[in-house]
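Notes follow once the structure below has been shown.
Everything numeric here is computed off the predicted structure, so don't read it as measured data. Every heavy atom of this structure was used, including side-chain atoms; hydrogens, water molecules and symmetry mates were not.
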Amino acid sequence: MKSQTLKENKDFRRLYYRGKSKAGDALVTYAMKNREGALRYGITTSKKIGNAVQRNRARRVIRAAFSEIEEKVSGSWDFVFVARTRTSRVKTQVIKKQMEKQFKELGVINEKNKPSS
C-alpha cells in the first residue's frame, strides 16, 4: 500500500496531542490510528537541526527509512516523525533500526510469534 503525506497543520496537531509517542536519540515518532484507510506520514524538521541542506538530508533519511519498513505496517495509521539534531548526521540504516524499534513499542508492527496483547 502506497503511503500518503500529511500536509495539514490540524493533522500534525492531532498527532502531537492525541497520538502515542516514542523518542530515540535521532528520531521522535508520533503514531495514531486513522479512519482514512491509508498509511499517512509527516516529517518535521526545525531550524535547530541546522541549515536547509541538513534539514533536507534529515527529511530524506527519514523518508528512505520509512519506505523500507512501510510494508510491515498493517492497518491504517498516521505518523509524524520529528527529526533531532543527530538525524542529519546518521545513516538511513540507523534511523530504520530506531524506527522499527519505536513501531514495535507503539504496537504498529506485530511480531508473528508474539500473541497480540
Side-chain angles (χ1 to χ4, degrees):
M1 166 170 40
K2 183 79 175 88
S3 55
Q4 302 164 350
T5 53
L6 293 174
K7 292 184 176 74
E8 302 270 324
N9 187 18
K10 65 176 186 184
D11 291 327
F12 281 86
R13 280 202 320 262
R14 183 172 55 87
L15 270 119
Y16 291 142
Y17 293 117
R18 302 221 323 271
K20 291 186 206 162
S21 68
K22 286 289 172 203
D25 58 345
L27 183 75
V28 180
T29 303
Y30 289 87
M32 191 175 172
K33 283 238 179 234
N34 70 28
R35 295 192 197 107
E36 306 292 320
L39 210 53
R40 303 184 314 165
Y41 73 98
I43 300 171
T44 308
T45 49
S46 75
K47 293 242 178 140
K48 283 187 211 165
I49 307 299
N51 63 20
V53 174
Q54 290 167 313
R55 291 195 306 273
N56 284 329
R57 168 152 169 65
R59 279 193 289 271
R60 217 170 34 246
V61 165
I62 292 170
R63 211 176 293 120
F66 182 68
S67 71
E68 285 183 34
I69 56 175
E70 70 179 310
E71 314 86 55
K72 294 181 184 177
V73 179
S74 56
S76 51
W77 289 85
D78 283 350
F79 299 107
V80 168
F81 301 110
V82 181
R84 291 213 151 155
T85 326
R86 232 184 122 224
T87 312
S88 62
R89 297 194 299 272
V90 296
K91 298 228 182 296
T92 306
Q93 292 312 109
V94 175
I95 298 293
K96 180 186 168 198
K97 196 177 287 182
Q98 204 167 98
M99 197 182 283
E100 245 173 345
K101 182 176 176 271
Q102 290 172 349
F103 278 6
K104 281 177 187 154
E105 288 171 5
L106 290 164
V108 176
I109 298 176
N110 294 332
E111 289 153 272
K112 286 153 187 75
N113 307 344
K114 201 171 82 174
S116 56
S117 49

With a 3.5 Å distance limit and no angle check, can you tell me whether [X] reaches the backbone of [Y] through a side-chain donor-acceptor pair?
| X | Y | answer |
| --- | --- | --- |
| Ser76 | Asn34 | yes |
| Asn9 | Arg13 | no |
| Glu68 | Ala65 | no |
| Ser88 | Arg55 | no |
| Gln98 | Leu27 | yes |
| Arg86 | Asp25 | no |

Straight-line distance of [X] [atom1] to [Y] [atom2], nearest 0.5 Å:
| X | Y | atom1 | atom2 | answer |
| --- | --- | --- | --- | --- |
| Glu8 | Arg40 | CD | CZ | 9.0 Å |
| Lys20 | Glu105 | NZ | CD | 11.5 Å |
| Glu71 | Ser3 | CD | OG | 10.0 Å |
| Ile95 | Arg84 | CD1 | CZ | 11.0 Å |
| Thr29 | Glu100 | OG1 | CD | 12.0 Å |
| Arg63 | Ile43 | CZ | CD1 | 5.0 Å |

Is it possible for you to say whether [X] and [Y] belong to one hydrophobic cluster, with membership spreading through side-chain heavy-atom contacts below 4.5 Å?
| X | Y | result |
| --- | --- | --- |
| Val80 | Ile109 | no |
| Val28 | Val61 | no |
| Val94 | Phe66 | yes |
| Phe81 | Ile69 | yes |

Check the pair Lys72 / Phe103 against side-chain contact (heavy atoms from CB on, under 4.5 Å), numbers first and verdict last.
CA-CA 10 Å; Lys72 294 181 184 177; Phe103 278 6; over 6 Å; no
Kindly give the heavy-atom pair with the smallest separation between [X] and [Y], and that separation in Å.
| X | Y | value |
| --- | --- | --- |
| Gly75 | Leu39 | O-CD1, 4.0 Å |
| Met32 | Arg18 | CE-NH2, 3.5 Å |
| Leu106 | Ala31 | CD1-CB, 3.8 Å |

Run the numbers on Val82 and Tyr16 for side-chain contact (heavy atoms from CB on, under 4.5 Å), then give the verdict.
CA-CA 10 Å; Val82 181; Tyr16 291 142; 4.2 Å; yes
Do [X] and [Y] have side chains that approach each other closer than 4.5 Å (heavy atoms only, starting at C-beta)?
| X | Y | answer |
| --- | --- | --- |
| Lys101 | Lys104 | no |
| Leu15 | Leu6 | yes |
| Ile62 | Tyr41 | no |

What do you reckon, is NZ of Lys33 surrounded by more than 12 foreign heavy atoms closer than 6.0 Å?
yes
Could you give me the CA-CA distance, side-chain angles and deciding distance for Tyr30 and Asp78, then say whether side-chain contact (heavy atoms from CB on, under 4.5 Å) is met?
CA-CA 8 Å; Tyr30 289 87; Asp78 283 350; over 6 Å; no
Under the side chain to side chain donor-acceptor pair (under 3.5 Å) criterion, do Arg59 and Thr45 qualify, and how do the steps go?
CA-CA 7 Å; Arg59 279 193 289 271; Thr45 49; 2.4 Å; yes
Apply side-chain contact (heavy atoms from CB on, under 4.5 Å) to the pair Asn51 and Gln54, showing each step before the final yes or no.
CA-CA 5 Å; Asn51 63 20; Gln54 290 167 313; 3.5 Å; yes
